[in-house]
Structure formats: structure tokens, C-alpha cells
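Note that these values count all heavy atoms, side chains included, but never hydrogens, waters or copies made by symmetry. To find a chain, count down the sequence lines: A is the first, B the second, and so on, and within it residues start at 1. These numbers were taken from a predicted model, which means no experiment stands behind them.
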Amino acid sequence: MEYLNELNGEQRKAVELLDGPVMIIAGAGSGKTRVLTYRVAHLINSGVDPFNILALTFTNKAAKEMRSRIETMVGPEARNIWMGTFHSVFAKILRFEGERIGYPSNFTIYDSADSKNLIKAILKEEGLDDKTYKPNLVLNRISAAKTNLISANEYLKNDELFTEDRMSAKPKLGLVYKKYSDRLFKSGAMDFDDLLYWTNVLLRDFPDVLNKYQDRFKSIMVDEYQDTNYSQYLIVKRLAAKFENICVVGDDAQSIYAFRGANIENILNFKKDYPDVKTFKLEQNYRSTKHIVGAANHVIEHNKDRLNKTVWTSNDDGELITVTRNMTDNEEGMSVAQSIFQTKMNEQATEKEFAILYRTNAQSRSIEEGLRKMNLPYRIYGGLSFYQRAEVKNLVSYFRMVINPQDEEALKRVINYPARGIGKTTLEKAIVLANDWEKDLWTIISDPITRNSQFNAGTASKLELFVNMIKSFQAELKTVDAYELGSKIASSSGLLRDLHADKSPEGVSRYENIQELLNGLKEFVEDKPGEDEIIDEPEAKTLDLFTRDIALLTDSDKDNDPNNNNKVSLMTIHASKGLEFPYVHIVGLEENLFPSQLSLSSREELEEERRLFYVALTRAEKKVNLSYAVSRFRWGNLVHSEPSRFIEEIPEKHLNVNASKPISSKNSVTSPSWNRKPQLRTSTKQSGTVSRADLKSRNLTKYDDSREPGELDTGDGTSEHVARMIVGTEVIHDKFGKGEIVAMEGDAPNIKATVAFQGAGNKQLLLKFAKLRIVGKAKQ
DNA sequence: GGAGGCCTCGGAAGG
DNA sequence: CGAGGCCTCC
């Protein structure tokens, strides 16, 4: 129990009190993770079975980190702790218990893109205009309902909700919710909110299940409690009701997810739910300088809704916080990059010690440009996740089909990719049948009688081929490992071939992404039983185990390129929560951007923006730099901005305000943006880079010049001209220029040629349409 | 059937 | 400005 001596008084008390309800209010940088980690270790050392501990976090990364830290303290036993995000832990439980609520254990988890596609499909089927029923709005409304445990049927019966929807001209919203739920159910799928919703249903309606998990989770810990929503709150409350050994950790000042239903009241009201709660406040900040802590404290004091807490530090005063004024967003990018470059030189710092934080992802572009000009390597966190990329998602959709063929969104993605002649018309017809007969899509296309009676012979046989292919994969699901089956699917489906044929840079990158996914499968197979998996019994390394929780993974779960990590970090402030950096730049401190203009209508929303700023400030250890631009491009327009009110909320004694002029910023400063189009063209050419548009127009001009009158009319699908084309023939295309035929397929008149163009990469062209001219014979 | 052009629309955040 | 949807043309 040596480790207890590494804690300060308050931390130690929080770690040592193992019974009853405990609330830990942990200021930024106050050693929260350490307390959580030590408390779990202490539970185990005090005789609690790791199987009886449930630790819930908000990110996979946090769970992973905590588990490995606990493991170094208590050994491999740490693997038996139920630790993970709310979504991953309860997905796991739902796979055990799902039968109770009519879900199979192999249910699919829809990610937000799947959900949105399903909503769009339903709107179309119901003839609802997606300008009135904007898919995102519809989804938010459904999400809010689920978070508050209102089912579709209850929604339809609720007059108040109906009135709201009618007032906003969306009277059919309840119907859409109902159709959406039915479709998810029919597809054996749950969306993110369902994982929590159905867990609540399970614990509410099945006392034996509730009892089982209450007994299993004798001790419960919840991190980032300020960010729990009602649904999560209720799960925790239900599970903890028996023993009340619940410890929640959070910081009201860092609650930044109210927009997606997080309820700050959960932390503020903890005392009401558990009157005998013991509260500990971690107020000593070990991370930041006095200037930073002082500034952050003053900022957050402008909020009304707060718990009483005084964060302090015994660290040095440190440097003043600088404020830099820039004329444009581009200039801001330059000045940030130059500042980093200088700090790097003056302080012997390395790139990985710097973070640039912004309110919106769109702001990264001008920053990136600045960093590139200064040759500073950087890494952007967030953005499109690996698994969201189209090509990766397509292959994963095959995997999903193999595991759960009722998965309609997966089916729609792969049924005609790669192209196999099952077009829109066929798919639409199948969907109509599925809806009319209340069956799922797969049942419609896989049943031979339906297939042969409802589709013409050609279509039916194409459908049959597809169905048989999926079935052949399914047959191997339990007999071969994930890598073997995954590779087989990638090649037998034709997906790999299709991507391999595309030699454009984007095509090559898509191909590489597929290879990376397959490598991931290989690693998964070769790995020892899951480090971050909750182990009850070891499971075979089959494709379903790999695939089923992919929707819950984010990119931060698969980064960490060890030889390549000395980079400046760029991310949104939301993404920076829980991280720390010696040097932090917070950019875009402008009214209507930060605070966001969308948040100015209410005090609550403005306070959330302010907490966001508080989070940003408290990421820094040594130095904070704030910057803003007087004008910036937003949505293609130049807009003028005032400095953010948040700057004024920092007392002057912590600030060093200077206007910066980048050293070499001729482009960004002297070319006024209002006539940017011609200017930009000129400047790109001068700097030696050629845009794609430029390239294209050059090619066009060139081949237009060389074209002889009348020649265009010779190429037609049935002419002799075409018949002379074989693999290896050199041809000229009006737009793509010179190239060589590398492959031909199909029968006349629908012969499709793959042509490798010198400038434009590989293109597939139908000869009857593409007017190719022969310029050279195939080489023998 | 698919690529590219044109147009509209959104615009924050993540498991 | 960029992504995504629709239309056209090959």
C-alpha cells in the first residue's frame, strides 16, 4: 500500500473510502486519473474481486489507459475489471441478454452515418421533404427522445411532443421515429442511443437481470460524471441501488457536452440521490502555472451555475498569456506557426509539446497552411475516422452482412458494389416488397420463391449469385479466422480488384486503406486475448468478434505511430479534454466563432462555451497563446469579427497583448480577399504549384489544337474503329489525353475498356460512348 | 453504368 | 468554401 503515500491528503481520503456513495469533484489538472486508478487498485488490494468492479469512462482511450496503469499496480488481474465506455460495456451486456428484448446476440451497431442513411430512406419512402425534415434534426429529436427513454409508441401518444412537432411544421416526426425504430429492429440493429435505451429497458423490465448485474457490480465508478445524460444516469442509478458503492468523478466546470444531452444536473444533484454521500474536492492543480490557473479561475467565475471550488497551484507564476491580433485567418495560421517555430528554438522544445486548439474543425485549414510553410510536422486529431472512409466501410459492410444479413444499411452498400448489375430499380422494388410484407430486405432477396416470382429472370439470377456469395462467406465464419475470411471476402467480392484497378493517387490510398484494414485483422488474430476486452471466456478470433463493435471505435483508438509522433497536435477543444501540453495555442477567439453564434441565445449555452474555454486554457502546462483574426473566411465569405468576450474575462495582470505581423506574409496580407479568385490563380502559378483545374484546361487546349475536323465522329460502338482496339492499343481521349488500353471487358456493343491515361490515371470507359481515337498499335 | 459538372445547402461536438 | 445530390453526357 506504498502507493497511498504518493497522494495528497484529499486524494488519499478519496482513494481510501471504499464503501458507500462517494463524489469526487476534481479540478483541472488535479490528479483525477491518478485518484481513479489508485482507487480501483486499492479496491482490489482490499479484497474486492476485479470481476465485481465496473468502471465507466467516456472514451476507449481513457479506459485503455486506466486499465494499463492499474495493471502495473495490481498485475494481470486488472484485465478482469469491467472497464470501458458506457456504450461498449452495455453493448457487451446486451449481447448476453438481448434475447429478452427480442434482439439477437449478433445485432449490428449502426454508426451515425448508418442512422442518417436510414432516416433519409424512410423520409423518401414516406414522401416527406428532407428540407422540412432535415435528417440531422430528425435524428437529434429521436436521439433526445431515446435519451429520455421515450419509445416511439410513447412519442406517438404524447400530445405535448406532437404539438411541438406540429408547431415546427413536422407533424410526421413521431411516425418517422416509429418507422425508424421498426426498421432498426427488423434489421437486427441498434444505434448508439439504443445501446443505452435498451439497457435501461432490460434493467427496468427484467428484475432477474437487474439483480444479476447489481450483484455483479458491487463497486461502480464513473468518470466524467458531469457529461452523463439521463439515460446513462439512470443505468448507473439502477445498478448501484443495491449496494450504493458508487463513486463518481467529475468537474462541473468541464461539462461541455450538454448539447448532446449531457445533464450537468446529474452532478449537481448527486447529493439528493445519495444523501449520505461523502464529497471530496481535489483543488490543487499540478499541471499549470499560476498565470494559467489564475486566468482560468477568473474566466469560470463568470458562470452562474457552479459548484463551490477553488483551484490553486503551488507551481511557478510562469509566463504571461499572450494575445495576438491578426488581420486574417491566414495570417493567424502564419503567426501561430512562427510562434511555435521560435519557441521551439528558444526553449529547445519539440513539436509534440505543442497543441493548437480551435472551436470548429473548419479552422484547421489556415493553421495547416502556416505550419506547412514553416515545415512544422503536425497531426490532426478527429475528423473522418478510418472506419468511416467509404472503401473501409464497404468492406466492413460485407463483414456485417456475413454476421447479420438482416443489416439493411450494410446490404444497401454492398449489393451493387463492386457493380454486379443490381441497380437502383431492383433495390427500390425489393424495399417496397420488404415494407409491404413486413420482412427484411435479405429475406426478400434470399428467398428463391420470392426472387423468382417478383423479379425477371436476369435480375433474379444476379440476386442469387450475390446471395450465394454472402452465404458462402457465412459458412466459413466459425471455421476460419478473421484474417483469412476477411481477405477472402475482399478478393472474392471483387472489391480488392476494383480498387487495385484505380491508379490515381486517391485510388492508391483507398487500396492502401483496405490493406490496412486487413493488416488490422491479422494483428487481431495474432494478438493474445484482448487487452481491452472484458474477458469472461476466451473467444475465438473470428470475424464477428472483430466486426461487432467497430462502430464504437474512433480513430484515437488506432493511432500511436511510435516512430512518427513528434508532431504538433491540432484538434478541437472538445477533443482535447483530458489531455495536456506544455504549450497551447487557442485560435479563433472571435465573437460568433468562440463563443459560437449558435450559443448566444441563452445563458446556459453561453456558459457551456465558457466552460469550453476553461477546458482549453487548462490544457496548458507552461504557456498559453490566444489569437484572433479581424477578418476570416467563413462559408466562402470574408467576415469581420470582434475579439472574443472571453479575452476580456481574463484579468490584465495575466495578459501580454501584442499585435503580430508575420515575417513573410506577402501572399496573405497583400492580396485582398475580395478579389481573391484571380489573385489566387496568379499566386498559385507563381509559387510553382499547378491546380487540377489548371492541368485540365491545359490538356483540353492541347488536344483541342491537335484535333482534326470530323475525326470525332468516327468512334461509335459498332464501327470497325472500335473493333481494332485491343489491350495495349494507344488511344487519345478528348479530355483525358493520351493513354493505353490495359483491360477490356463485356460484349459489343457494351465493351468497357480500362485505359491508363498518362495525365489522368486509370479510367473505365464504355467504347460506344467514349470517343477514343487510335494513335498507336499494341506493342507485340 | 459511372464520371464530372452544376447547384444547393450547411455551417459544433462524439460513442 | 466543401460535401452531397441530381443531371447529363459519354
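The side chain of A:S112 approaches B:dG15 more closely than any other nucleotide in the set B:dG2, B:dG15, B:dA12. Closest contact between the side chain of A:F192 and the listed nucleotides B:dG15, B:dG14, B:dG10 involves B:dG15. Distance from the side chain of A:Y257 is smallest to B:dG14 among B:dG15, B:dG14, B:dA12. For A:K131, taking side-chain heavy atoms from C-beta onward, the closest of the listed nucleotides B:dC9, B:dG2, B:dG15 is B:dC9. Taking the side chain of A:H87 as heavy atoms from C-beta on, and the options B:dG14, B:dA12, B:dG15, the nearest nucleotide is B:dG15. Nearest nucleotide to the side chain of A:A575, out of B:dG15, B:dG14, B:dA12: B:dG14. For A:R260, counting side-chain heavy atoms from C-beta on, the closest listed nucleotide (B:dG15, B:dA12, B:dG14) is B:dG14.
No contact: A:S596 has no heavy atom under 4.0 Å from any strand. Among the heavy atoms of the strands lying under 4.0 Å from A:L598 is at least one base atom, whether or not backbone atoms are also near. Residue-level contact check: A:F86 touches neither bases nor backbone, having no heavy atom under 4.0 Å from any strand. Contacts of A:D227 with the nucleic acid, taken as non-hydrogen atoms under 4.0 Å apart, are absent.
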Check nucleotides 2-6 of chain C against the protein and report each pair of N or O atoms closer than 3.5 Å, with its distance, or say if there are none.
unit_1: C:dG5; atom_1: OP1; unit_2: A:K120; atom_2: NZ; d: 3.0

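The CD atom of A:Q388 sits 10 Å away from the P atom of B:dG15 (whole-angstrom rounding). Taking atom CG of residue A:L357 and atom P of nucleotide B:dA12, one finds them 17 Å apart after rounding to whole Å. Residue A:D498 contributes atom CG, which lies 14 Å from atom P of B:dG1 at whole-angstrom precision. In this structure, A:R359 atom CZ and B:dG14 atom P are separated by 10 Å, rounded to whole Å. Here the C1' atom of nucleotide B:dA12 and the NZ atom of A:K134 are 15 Å apart, to the nearest Å. When rounded to the nearest whole Å, the span between CD1 of A:I550 and C1' of B:dG15 equals 14 Å. Rounded to an integer number of Å, the gap from A:I422 CD1 to B:dG1 P is 11 Å. We find that NZ of A:K424 is positioned 8 Å from P of C:dC7, with the value rounded to whole Å.
Here A:R611 pairs with A:E608 under the salt bridge (Lys or Arg N to Asp or Glu O under 4.0 Å) rule; sequence neighbours left out. In terms of the ring pair (Phe, Tyr, Trp, His ring centres under 6.0 Å) criterion, residue partners of A:Y225 (sequence neighbours excluded) are, by chain and number, A:F270. Applying the salt bridge (Lys or Arg N to Asp or Glu O under 4.0 Å) criterion to A:E224, with sequence neighbours excluded, gives A:K32, A:K577. Under the rule for a ring pair (Phe, Tyr, Trp, His ring centres under 6.0 Å), A:Y133 has no partner lying at least two apart in sequence or in another chain.
Both A:A551 and A:T360 lie near DNA chain B, and the one whose nearest nucleotide falls closer to the 5' end is A:T360. Projected onto DNA chain B by closest heavy-atom contact, A:T572 and A:N416 fall at different nucleotides, the more 5' of which corresponds to A:N416.
Both cation-pi conditions hold for A:R379 and A:Y381: the charged atom is under 6.0 angstrom from the six-membered ring centre and inside a 45 degree cone around its axis.
Side-chain atoms of A:T228 and A:F58, non-hydrogen and from C-beta on, do get closer than 4.5 Å to each other.
We find that A:E409 and A:R413 are not joined by a salt bridge, their nearest charged nitrogen and carboxylate oxygen being 4.0 Å or further apart.
For the salt bridge (charged side-chain N to carboxylate O under 4.0 Å, His left out) condition, no pair includes a residue of residues 127-136 of chain A, sequence neighbours left out.
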